Protein chains: 2
Amino acid sequence: MEVTVSSCDVREVLDLVADKWSLFIVANLSDGPRRFTELKRAVDGVSQRMLTVTLRRLERDGILLRTVHAVMPPHVTYELTPLGTSLLHAAAPLIAWSNGNLEQVAAARAAYDAG
Amino acid sequence: MEVTVSSCDVREVLDLVADKWSLFIVANLSDGPRRFTELKRAVDGVSQRMLTVTLRRLERDGILLRTVHAVMPPHVTYELTPLGTSLLHAAAPLIAWSNGNLEQVAAARAAYDAG
DNA sequence: CGGAATCCTCTTAGATACTG
DNA sequence: CAGTATCTAAGAGGATTCCG
């Protein structure tokens with residue numbers, strides 16, 4: 001199996017998800033639109049600032065759509081674009097892998113630290 | 001489609017690849033063992049220090065195997081473990097997505113910046 | 001060749017306070 | 001509610017030097 005990833009351009013796009021929060025946010029939008037505060041609660045440990053920054057970046061990159069409803073109090077929703085949905089599909093196996101290999105990784109760490 | 005990623009444990013494992021270099025290194029080991037200097041050349045832009053640090057972490061997490069050949073000058077090879085190979089398979093769709101959506105993302109950025 | 005150790009800088013990101 | 005602005009601590013990471 002060969003996977004190519006050397007290009008400098010790919011670096012730029014892979015950086016999309018190679019950060020602390022993007023994958024979590026995208027995953028949390030998997031079953032429909034969410035509001036800012038909902039995401040803040042759902043994405044464990046994210047600060048308000050980092051949520052804002054990451055959402056803006058994902059919006060800029062065409063991954064999600066930000067909709068401001070002109071009401072008082074403010075109401076803003078975020079949802080995946082088609083591009084964002086395709087990213088979610090591409091990332092799903094990796095997320096599943098993480099879910100399924102918690103213990104193996106933990107065991108490897110313990111063994112390494114013991115050695 | 002629903003993807004669950006909220007657990008704090010998953011966070012820990014997902015952090016494995018949610019950094020600047022891990023996915024690149026794993027991808028570069030996809031077609032067999034590599035030496036330190038080979039990886040340094042292949043992984044564009046990585047410093048010696050970050051390559052060492054990242055390799056150590058991936059080794060600790062059971063993703064790759066480090067083998068020291070007792071010769072002079074030193075000869076060290078890195079290769080994926082079965083766990084690392086399974087990670088590569090899980091990450092492959094995401095890497096392919098990055099490869100395939102460079103232009104869409106670039107276009108989205110241009111549109112956003114123009115607006 | 002494949003690092004380790006040190007230094008130093010730049011970025012990241014949390015906390016806090018304020019706002020339409 | 002959904003941010004923005006500012007400050008600051010912590011850490012990432014580059015450059016350099018040294019070593020078996």
Side-chain angles (χ1 to χ4, degrees), chain A residues 5 8 11-12 14-26 28-29 32-61 63-80 112-113 115, chain B residues 5 8 11-12 14-26 28-29 32-61 63-80 112-113 115:
Chain A
V5 73
C8 188
R11 159 91 287 169
E12 232 176 288
L14 204 53
D15 276 345
L16 263 179
V17 299
D19 74 284
K20 206 168 161 55
W21 304 112
S22 293
L23 272 184
F24 277 75
I25 291 172
V26 170
N28 269 291
L29 293 175
R34 287 285 180 274
R35 300 181 57 170
F36 186 87
T37 306
E38 288 178 307
L39 286 172
K40 175 106 174 56
R41 262 196 309 271
V43 180
D44 194 50
V46 72
S47 68
Q48 193 180 43
R49 182 182 177 283
M50 285 316 297
L51 183 56
T52 301
V53 168
T54 307
L55 285 170
R56 284 289 184 282
R57 199 163 53 75
L58 291 173
E59 184 194 5
R60 175 173 182 254
D61 289 337
I63 304 302
L64 55 79
L65 182 67
R66 178 173 179 263
T67 307
V68 182
H69 305 270
V71 295
M72 205 44 190
H75 186 130
V76 180
T77 56
Y78 297 89
E79 61 192 308
L80 294 179
Y112 184 95
D113 293 344
Chain B
V5 72
C8 188
R11 158 92 286 168
E12 234 175 286
L14 205 51
D15 276 344
L16 262 179
V17 297
D19 74 285
K20 207 167 161 57
W21 305 112
S22 294
L23 272 183
F24 278 75
I25 292 173
V26 169
N28 269 291
L29 293 176
R34 287 284 180 274
R35 300 179 59 169
F36 186 87
T37 305
E38 289 179 306
L39 286 173
K40 175 107 172 57
R41 263 196 310 270
V43 180
D44 193 51
V46 72
S47 67
Q48 190 182 48
R49 181 180 180 283
M50 285 316 297
L51 183 55
T52 301
V53 168
T54 307
L55 286 170
R56 283 289 184 282
R57 198 163 53 76
L58 291 173
E59 185 194 4
R60 176 174 183 254
D61 289 338
I63 304 302
L64 54 79
L65 182 66
R66 177 173 181 264
T67 308
V68 181
H69 305 271
V71 295
M72 203 48 190
H75 186 130
V76 180
T77 56
Y78 296 89
E79 61 191 309
L80 294 179
Y112 184 94
D113 294 344

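Naming: A, B, ... by sequence-line order, numbering from 1 per chain. Computed from heavy atoms alone, side chains included, the values below leave out hydrogens, waters and symmetry copies. Because the structure is predicted, anything quoted here is derived from the model rather than measured.
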Please report, rounded to the nearest Å, how far the [atom2] atom of [N] is from the [atom1] atom of [X].
X	N	atom1	atom2	result
B:R35	C:dG3	CZ	C1'	13 Å
A:L51	D:dG3	CG	P	8 Å
B:R66	C:dC1	CZ	C1'	12 Å
B:E38	C:dG2	CD	P	8 Å
A:D19	D:dG13	CG	P	12 Å
B:R41	C:dG2	CZ	C1'	13 Å
A:R34	D:dA2	CZ	C1'	17 Å
A:R56	D:dG3	CZ	C1'	7 Å

Respond yes when some side-chain nitrogen or oxygen of A:Y78 is under 4.0 Å from OP1 or OP2 of D:dC1, and no when none is.
->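 For A:Y78, the contact criterion (side-chain N or O under 4.0 Å from OP1 or OP2 of D:dC1) is not met.
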Does B:T37 make a side-chain N or O approach to OP1 or OP2 of C:dC1 shorter than 4.0 Å?
->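 Answer is no, no contact under 4.0 Å.
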Taking the side chain as every heavy atom from C-beta outward, state whether [X] and [Y] have any atom pair closer than 4.5 Å.
X	Y	value
A:I63	A:R57	no
B:D15	A:K20	yes
A:R66	A:L55	no
B:E38	B:Y78	no

Going 5' to 3' through nucleotides 14-20 of chain C, assign each nucleotide B (protein heavy atom under 4.0 Å from a base atom), S (under 4.0 Å only from sugar-phosphate atoms) or - (no protein heavy atom that close).
-> BB-B--B
Test side-chain contact (heavy atoms from CB on, under 4.5 Å) on A:I25 and A:L51 and set out the steps.
-> CA-CA 9 Å; A:I25 291 172; A:L51 183 56; 3.7 Å; yes
Which heavy atom of B:L16 sits nearest a heavy atom of B:S22, and at what distance?
->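 For B:L16 and B:S22, the tightest heavy-atom pair comes out as O-OG, 3.0 Å.
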